[in-house]
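Notes follow once the structure below has been shown.
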2 protein chains.
Amino acid sequence: MGASKTEHFSDEQNTIAIIAKALGHPARIAIIEHLLKVNACICGDIVNELPLAQPTVSQHLKELKNAKIIKGTIEGNSICYCIDENTLNQLKSYFENITKQLEIKSTQCC
Amino acid sequence: MGASKTEHFSDEQNTIAIIAKALGHPARIAIIEHLLKVNACICGDIVNELPLAQPTVSQHLKELKNAKIIKGTIEGNSICYCIDENTLNQLKSYFENITKQLEIKSTQCC
DNA sequence: ATTTATTATTGCAATATTACGATATAGTAT
DNA sequence: ATACTATATCGTAATATTGCAATAATAAAT
């Protein structure tokens, strides 16, 4: 096997899992934080910020793009990357909802 | 290779990535939602709720436990699982902070 | 046209993940 | 003691991920 049985789960479950999975690597978290630090939108220089080779960074960027966590637009010679607020807001809302429900119920027994 | 170069990233980046990665599978999202639905703490019956074989579910539960997203205590014959609020709160706070910063800066250019 | 700079793609090796049958373990009930 | 129930572990196959050298693609600069 090795492939996830995505068809058995709801669209929302799959969507959240895809976003979470894309954020499930420290390099990709570092990319997000860097994009945030330099203020939303930058062209180039992501590779130099990470301790990884250029093809590896390119691959991580691709995965963040596939999960719609970042957007990239061609800006002359280089590419302008920025965070897609909608996707991260969706994730934030989802976990806000989860933690809110946990607070209400709070049946701590373990 | 295949192994992540975790040593090059900060503790927080690694921690968030580990939690996100553990949530990066629809079955594990479904487990969280089920634990929430039946109210925090249940003994048994997780296997019957998922369209996966018992060893597979057990493996997913182990990964959620490793990431400290759920806790399990032995309750006689079965095991009592519940969500660890602290960990999900940590993830929630992290993304709340990210999205808050995005809102403040909001340099939408892509 | 050639060089330079930036990013993507290809190909490959190492490792990790997903899934499950078979089996083990541990507690309950008879 | 034996049977039953619930969960974990082992072993293994299929697939995915991570990482990078080599190379390609694209645009800007000379």
Side-chain angles (χ1 to χ4, degrees), chain A residues 1-9 13-14 17-31 34-35 41-67 70-82 110, chain B residues 1-9 13-14 17-31 34-35 38 41-67 69-82 110:
Chain A
M1 308 285 140
S4 300
K5 292 193 154 182
T6 57
E7 68 277 13
H8 294 306
F9 301 100
Q13 286 167 346
N14 278 307
I18 285 169
I19 302 170
K21 189 176 186 177
L23 294 166
H25 192 293
R28 296 196 285 267
I29 293 291
I31 289 171
H34 183 65
L35 284 173
C41 197
I42 54 158
C43 306
D45 121 80
I46 296 179
V47 172
N48 303 321
E49 289 295 321
L50 293 178
L52 296 168
Q54 181 268 323
T56 308
V57 174
S58 187
Q59 202 172 280
H60 283 307
L61 288 167
K62 195 180 180 183
E63 277 174 68
L64 287 169
K65 255 188 290 181
N66 286 343
I70 63 172
K71 291 179 282 189
T73 43
I74 297 163
E75 186 91 357
N77 201 5
S78 56
I79 291 192
C80 189
Y81 280 114
C82 66
C110 298
Chain B
M1 308 289 138
S4 300
K5 291 194 155 184
T6 56
E7 67 277 12
H8 295 306
F9 302 100
Q13 286 167 345
N14 278 308
I18 285 169
I19 301 170
K21 190 177 187 179
L23 294 166
H25 191 291
R28 297 195 286 267
I29 293 291
I31 289 171
H34 182 65
L35 283 174
V38 297
C41 197
I42 54 158
C43 307
D45 121 82
I46 296 180
V47 170
N48 303 320
E49 289 296 320
L50 293 178
L52 295 167
Q54 180 268 321
T56 309
V57 174
S58 187
Q59 201 172 280
H60 283 306
L61 288 167
K62 193 179 180 182
E63 276 173 67
L64 287 169
K65 256 187 290 180
N66 287 342
I69 294 167
I70 64 172
K71 290 179 285 188
T73 44
I74 297 164
E75 186 90 357
N77 202 4
S78 56
I79 292 192
C80 187
Y81 281 113
C82 66
C110 298

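Every chain is numbered from 1, with letters handed out A, B, ... down the list of sequences. Predicted, not measured: the structure shown is a model, and the values here were computed from it. These values consider heavy atoms only, across backbone and side chains, with no hydrogens, waters or symmetry-generated copies.
- Distances shorter than 4.0 Å separate none of the side-chain N or O atoms of A:Thr56 from OP1 or OP2 on D:dT18.
- Between the base of D:dA8 and the side chain of B:Gln54 there is a donor-acceptor pair shorter than 3.5 Å.
- The CD1-C1' distance, from B:Ile79 to C:dT28, rounds to 15 Å in whole Å.
- Taking for each of A:Ile74 and B:Thr6 the nucleotide of DNA chain D with the nearest heavy atom, the 5'-most of the two is the partner of B:Thr6.
- Residues B:Leu50 and B:His60 have side chains not in contact (no heavy-atom distance under 4.5 Å, counting atoms from C-beta outward).
- In this entry the distance linking NZ of A:Lys62 with C1' of C:dT9 reads 7 Å, nearest Å.
- Contact record, B:Leu64 with B:Leu23: CD2-CD2, 4.4 Å, taken as the closest heavy-atom pair.
- When all heavy atoms are compared, the tightest approach of B:Ala67 to B:Ala22 is CB-CB, 3.5 Å.
- Residue B:His60 places its side chain closer to C:dA19 than to any other of C:dC20, D:dG19, C:dA19.
- Relative orientation of the A:His25 and B:Phe9 rings is perpendicular, given thresholds of 30° and 60° on the angle between their planes.
- Put simply, B:Lys21 has no side-chain N or O that comes within less than 4.0 Å of OP1 or OP2 on D:dT18.
- The side chain of A:Lys65 contributes an N or O atom lying less than 4.0 Å from OP1 or OP2 of C:dA8.
- Nearest to the side chain of A:Gln59, among D:dG19, C:dA19, D:dA8, sits D:dG19.
- With distances taken from any side-chain atom of A:Ser58 to the nucleotides C:dT9, D:dC20, C:dT18, the minimum falls on C:dT9.
- Spacing between atom CG of A:Leu61 and atom C1' of C:dT6 amounts to 12 Å, rounded to whole angstrom units.
- B:Ser4 comes within contact range of the sugar-phosphate backbone alone, with a heavy-atom separation under 4.0 Å but no base atom that close.
- Among D:dT7, C:dT18, D:dC20, the nucleotide with an atom closest to any side-chain atom of B:Ser78 is D:dT7.
- Between B:Tyr81 and the phosphate of D:dA8, there is a side-chain N or O to OP1/OP2 separation shorter than 4.0 Å.
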